[in-house]
Structures are given as structure tokens and as C-alpha cells.
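One structure below.
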Amino acid sequence: MRFQRIKGTRDILPEEIGKWQAAEALIHQIMTRFAFSEIRTPIFEETELFARGIGQLTDIVSKEMYTFVDRGEKSLTLRPELTAGVVRAFIENNLGKKLPVNKLYYISPVFRQENPQAGRLRQFHQFGAEIIGSPEPAADVEAIALSIAIYRAFNLERFLVKLNSVGDTVCREPYKQKLREFLRPRLRRLCQSCQQRFEKNPLRILDCKEESCRAETLEAPQFIDHLCDACARHFGRVRELLAAAGITYELDFRLVRGLDYYTRTAYEIISDQLGAQDALCGGGRYDLLVEELGGAPTPAVGFAAGMERLMMVLDQIAWQPAIHNPPVVFLAPLGPAAIAWAVQTAQQLRQQGLAVEMDLLNRGLKAQLREANRQQAKFTVIVGDNELRAQHAIVRDLQSSQQTEVAFNDLISYLQQSSTS
RNA sequence: GUGAGUGUAGCUCAGUUGGUUAGAGCACCAGGUUGUGGCCCUGGUGGCCGUGGGUUCGAGUCCCAUCACUCACCCCA
């Protein structure tokens with residue numbers, strides 16, 4: 001019996017971990033530049049949190065969650081996204097009382113039981129940010145600017161920002177009615193799933209991918225023309241501030257966020273360098289969620305982005321992270337006595353902060369030097385019976401092939417000085 | 001859940017109308033240097049050809065089933 005990884009999961013191996021670490025470091029850096037603080041919430045929560053937060057009717061909740069019952073017979077779920085958990089933590093820890101605005105970010109694994117394909121896994125990673133406590137258009141723009149700044153930091157140029165407004169409780173139902181009125185005479189020409197969407201969720205018909213449905217909805221009333229006064233003012237101001245920030249975008253009346261909690265601003269960043277799953281990042285305002293989850297009414301805006309999808313486009317633009325940490329010193333002992341010396345010396349050198357590797361296979365000198373070369377060590381320290389007797393080591397510079405005899409007593413300071421020069 | 005494609009060495013892949021002991025490159029190991037890496041030369045280790053069944057004198061090759069992976073639909077980051 002050979003075990004294999006669960007469908008839709010991946011191992012991130014040493015050969016690619018440098019890329020992940022570098023990407024995460026850059027994300028941390030940009031998040032910090034925008035004055036966001038990291039938050040880490042549990043990987044699982046009460047099932048009800050997601051059901052209420054994301055929406056019972058969404059596919060995520062109705063068929064994609066990893067839900068199980070623990071020994072106390074409580075229903076738990078591996079988080080399918082992070083906003084609900086962050087908002088739960090915001091409420092539970094009274095963060096709204098500590099600060100007027102909380103700016104939080106995360107880079108974490110999430111879980112959805114979908115069929116895997118390019119850019120879609122069952123365990124994947126999202127990074128994202130939430131601004132909780134500000135109703136201001138400037139907050140919307142800060143979230144959008146942050147997500148763009150991150151992609152720019154990776155030297156990504158080919159992406160498109162799509163923007164829309166999905167209104168609020170005042171104007172959404174009236175708009176849905178207008179949309180239904182427009183669609184009713186065309187209903188039988190729509191695809192089957194759109195016919196089902198008609199009553200429950202007519203907005204979804206707008207982003208149907210069927211060519212025929214798109215043709216039918218081409219002239220449909222657009223939400224941004226039917227916003228209530230408050231939403232229209234908000235959207236107008238968001239657009240002014242985006243212009244002030246020098247952010248270009250495309251209005252897309254078909255853009256409807258998949259999760260129920262969004263209000264007003266909705267946006268998405270897409271790339272033509274991905275497969276069919278072309279969304280790099282999706283976000284928007286969710287002024288109703290905090291209250292929905294039992295907190296005081298609190299406006300919020302944020303986004304979530306797919307880490308693996310970022311990695312996919314980074315591969316395409318050949319983004320090369322600078323992270324590479326070869327050992328500085330490779331200890332090559334020959335024989336049992338020298339191995340004892342090497343174990344002791346490795347301790348001392350590592351305590352001095354040097355990255356030290358030593359052979360663990362009792363190999364011959366030739367094999368050890370090959371290994372040191374493979375690992376791109378700066379120095380190889382060769383010690384055999386001769387050197388033990390003479391109380392000095394042979395320090396070989398792998399690049400120049402120069403060898404120096406260094407007395408054991410001077411070895412640490414010699415390597416420290418040489419490795420920094 | 002649905003559809004299509006692909007499963008041969010650690011990796012990338014050849015393998016003729018079915019025909020002997022299944023190959024290459026890279027990687028790994030050893031020798032060429034009795035204690036000296038990279039480059040080069042020589043050699044070597046490593047395969048239940050995804051799994052099970054069937055057809056056949058004979059199956060990596062044909063048929064059926066099954067599993068896995070990939071891509072796509074749906075949905076979403």
C-alpha cells in the first residue's frame with residue numbers, strides 16, 4: 001500500500017519553496033507598507049459561521065465545504081475562505097472597540113471540495129486584506145490600490161481591473177425587479193441554469209458564459225444606472241479617488257461577486273496568463289457582514305487573492321526570487337575521529353551564526369567535495385587523521401580552489417572573516 | 001456531478017502492423033586521481049510498462065473494467 005496525496009492537494013517541495021518564501025515575504029512587505037497587520041485565525045470554525053457569512057445558497061456552502069462532526073457532535077468546517085473567520089475574530093475580540101479602523105491581512109490555506117483543474121485546488125492558499133470600520137470610498141480605493149500594488153511589486157503588468165457596484169439593501173431588490181422585467185420576455189431563450197437563476201438570483205444571469213445568454217443580456221439595464229442616491233454617490237466618489245490614485249480600470253456591468261455578503265463596490269483582477277480560471281483577485285465592500293455575524297453594524301471592504309494563481313503567472317513572466325541559502329561551510333571529515341571533531345566544530349560554527357553543512361553518510365573525500373559543490377558551499381573544511389595530528393584544518397575555497405591550512409584554534413575566526421568578505 | 005485526454009526508470013520522454021533479456025537524455029553512484037568538487041571519458045544502480053481481467057502461441061502495444069493525474073464545464077481566488 002503506497003499512500004498518495006488527497007486529490008486536489010499538492011506538496012510544495014524544497015526545489016520550489018524558495019519561490020513561495022520570497023513571494024510571501026514580498027506580500028508581507030507590501031501589506032506592511034500599506035499599514036496592514038497580519039491576523040491568523042483557526043483553520044476550522046463552526047459550520048454555521050460560513051453558512052451565515054458566505055450564504056446558504058452559494059455553491060461554496062451548499063456543495064464545496066469540508067464539513068465534519070467532532071466528538072462533541074458539533075459541526076465544524078475547514079474554512080473555504082477567510083473573511084468570515086476574520087470577521088468572527090474581529091467581533092469576538094472586540095477589535096472594533098480598540099481601534100476605529102482595523103486593517104488586517106492574511107496568507108493562509110483554505111479548503112474547497114471542487115474538481116481540481118488549472119488554478120484550482122482543494123487545499124489552496126489565499127492572501128487578502130480587510131478594512132473593517134470605514135464606510136468611506138477612500139477605504140474601497142485603499143483595498144483596490146493595495147491589491148494592485150502587490151501585483152506590481154512582482155513586476156506583473158498584464159492584468160485587468162474590473163469594477164462594478166452591486167448596490168445595497170435599498171436598491172438591489174428594485175434593480176433585480178427591473179432586470180427580471182427585462183429578462184421575462186427573453187426567458188425561454190436563456191440557458192437552463194439561467195432560467196433557474198431568474199427568480200432566485202437574476203444578477204447571476206449577467207455573468208453567464210453562454211454566448212446566447214450574453215447576447216440576450218447585452219442591452220439589459222445596468223446596476224450602476226439604477227443605484228440609489230447613496231450608492232451612486234459612493235460609487236462616483238470611488239471612481240474619483242481611483243482616478244486620483246492613477247488606477248485604471250474597466251467598468252463591467254456583468255461583474256457580480258459570488259459571495260452573498262458584498263454590497264456596493266465589487267472588483268476583480270483578471271489575467272490572460274492563467275487558464276480558464278482567470279481571476280487573480282476578487283473583492284469589494286461588505287457592509288452587512290459584521291452585523292450578520294452578530295457584531296455591531298460595521299462597514300468593511302476587502303479582497304481575497306489566490307496564491308497558486310499568482311505563482312502561475314509568476315512562472316510565465318519568469319519572476320526569479322533572490323532567496324537562495326547555500327551553506328557557507330561544508331565540513332568534510334575523514335574517519336571516525338575526524339567525524340567527532342566535525343560534530344563538535346559544527347556546533348561552534350553554527351552558534352556563531354554560520355550556515356554549516358556536514359556529510360552524514362561517512363563518504364570519501366571525493367564524494368564529499370562533490371556534495372559541497374552541489375550545495376554551492378563557499379568553503380569546504382577537510383580534516384583527516386593527518387590534520388588531527390597537526391591540529392590544523394584544510395580550508396578549501398570552492399570557487400578559487402585555493403587551499404589554506406588553518407590551525408584549529410583560529411578556524412572559527414578565520415571562517416567568520418572569510419565568509420563576510 | 002459531467003465531458004475529453006494522459007498513465008513506461010527519481011524527472012522529461014522514445015518504444016515500428018502485437019514478436020527475444022523494455023530504451024534514451026538528465027539525475028544518482030563508482031572508476032579514470034591509494035585524501036580533492038565542477039568539465040570530460042568509461043561503467044553501474046534503478047522499471048510488477050498505474051492496477052485487475054480478457055483476446056492471443058506471444059501484450060508496454062489490442063479489448064473491457066478500475067484507479068490516478070491533467071484540462072475543461074459548473075463555480076470561484
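So you know, we letter chains A, B, ... as the sequences are listed, proteins then strands, and number each from 1.
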Between [M] and [N] - [atom1] atom distance, rounded Å:
N     : M     : atom1 : result
B:G15 : B:A9  : P     : 15 Å
B:U61 : B:G7  : C1'   : 14 Å
B:U8  : B:C69 : P     : 14 Å
B:A27 : B:U45 : C1'   : 12 Å
B:U34 : B:U16 : P     : 47 Å
B:G31 : B:G18 : P     : 47 Å
B:A59 : B:A77 : C1'   : 46 Å
B:C76 : B:A72 : C1'   : 15 Å

What is the distance, rounded to the nearest whole Å, between atom [atom1] of [X] and atom [atom2] of [N]?
X        : N     : atom1 : atom2 : answer
A:Met312 : B:A77 : CE    : P     : 16 Å
A:Arg79  : B:C76 : CZ    : C1'   : 18 Å
A:Gln195 : B:C74 : CD    : P     : 16 Å
A:Arg122 : B:U70 : CZ    : P     : 11 Å
A:Gln113 : B:C76 : CD    : P     : 17 Å
A:Asp359 : B:G35 : CG    : P     : 15 Å
A:Glu64  : B:C76 : CD    : P     : 8 Å
A:Leu365 : B:U36 : CG    : C1'   : 5 Å

With a sphere of 6.0 Å drawn around [atom1] of [X], does it hold more than 12 non-hydrogen atoms of other residues, nucleotides or ligands?
X        : atom1 : result
A:Glu219 : CD    : no
A:Ile6   : CD1   : no
A:Tyr414 : OH    : yes

Contacts of A:Glu38 that satisfy side-chain hydrogen bond (donor to acceptor under 3.5 Å, both in side chains) - sequence neighbours left out: A:Arg40

Set of residues satisfying side-chain hydrogen bond (donor to acceptor under 3.5 Å, both in side chains) with respect to A:Gln347, sequence neighbours excluded: none

Cation-pi, A:Phe182 ring and A:Arg186 (6.0 angstrom, 45 degrees): yes

Closest-nucleotide 5' rank along RNA chain B - winner of A:His125 and A:Ile6: A:Ile6

Pairwise 5' ranking along RNA chain B for A:Gly275 and A:Arg309, keeping only the more 5' one: A:Gly275

Distance (rounded to the nearest 0.5 Å) between A:Arg239 CZ and A:Thr265 OG1: 11.5 Å

By ring-ring contact (aromatic ring centres under 6.0 Å, His included) - contacts of A:Phe235 (at least two apart): none

A:Tyr105: partners by ring-ring contact (aromatic ring centres under 6.0 Å, His included), with sequence neighbours left out: A:His28

Set of residues satisfying salt bridge (Lys or Arg N to Asp or Glu O under 4.0 Å) with respect to A:Arg120, sequence neighbours excluded: A:Glu114

Partner residues of A:Glu308 under the salt bridge (Lys or Arg N to Asp or Glu O under 4.0 Å) criterion, sequence neighbours left out: none

A side-chain contact here means heavy atoms from C-beta on lying under 4.5 Å apart; do [X] and [Y] qualify?
X        : Y        : answer
A:Gln273 : A:Ile317 : yes
A:Val356 : A:Pro327 : no
A:Tyr267 : A:Arg285 : no

Nucleotide-resolved protein contact map, nucleotides 26-34 of chain B, B/S/- at heavy-atom distance under 4.0 Å: --SSS-B--

Protein-to-nucleotide contact annotation, 5' to 3' order, nucleotides 41-46 of chain B [B base; S sugar-phosphate only; - none; under 4.0 Å, heavy atom]: ------

Of all pairs that satisfy side chain to side chain donor-acceptor pair (under 3.5 Å), the ones with a partner from residues 4-13 of chain A, not counting sequence neighbours: A:Arg10-A:Glu16

Exercise: identify the closest heavy-atom pair between A:Asn164 and A:Phe253: ND2-O, 3.5 Å

Side-chain donor/acceptor of A:Gln403 to base of B:U36, under 3.5 Å: yes

Under 3.5 Å donor-acceptor pair, A:Gln4 side-chain atoms to B:C67 base atoms: no

A:Gln277 side chain near B:C73 phosphate (N/O to OP1/OP2, under 4.0 Å): yes

Presence of A:Gln368 side-chain N/O under 4.0 Å of B:U36 phosphate oxygens OP1/OP2: no

Residues in contact with RNA chain B, drawn from residues 31-53 of chain A - heavy-atom cutoff 4.0 Å: none

Across the strands shown, which category fits [X] at heavy-atom distances under 4.0 angstrom: base, sugar-phosphate, nothing?
X        : answer
A:Ala118 : sugar-phosphate
A:Leu280 : sugar-phosphate
A:Phe127 : nothing
A:Glu387 : base

Nucleotide nearest A:Asn386 (side chain, heavy atoms from C-beta), chosen from B:C73, B:G35, B:G38: B:G35

Closest to side chain of A:Ala279, choosing from B:A72, B:U36, B:A77: B:A77

Residues A:Lys19, A:Asp315; criterion side chain to side chain contact (heavy atoms under 4.5 Å, CB included); working and verdict: CA-CA 10 Å; A:Lys19 207 174 67 183; A:Asp315 285 342; 2.9 Å; yes

Intermediate values then yes/no, side chain to side chain contact (heavy atoms under 4.5 Å, CB included), A:Gln368 and A:Phe330: CA-CA 9 Å; A:Gln368 294 200 53; A:Phe330 189 99; 3.9 Å; yes

Protein-nucleic acid N or O pairs under 3.5 Å, nucleotides 1-4 of chain B:
from : atom 1 : to       : atom 2 : distance (Å)
B:G1 : O6     : A:Asn115 : ND2    : 3.1
B:U2 : O4     : A:Asn115 : ND2    : 2.7

Pairing stems for RNA chain B [at least three consecutive pairs; Watson-Crick or G-U; under 3.5 angstrom]: B:1-7 with B:67-73, B:10-13 with B:23-26, B:28-32 with B:40-44, B:50-54 with B:62-66

Worked verdict on A:Leu190 versus A:Phe198 for side chain to side chain contact (heavy atoms under 4.5 Å, CB included): CA-CA 10 Å; A:Leu190 296 177; A:Phe198 181 78; 5.5 Å; no

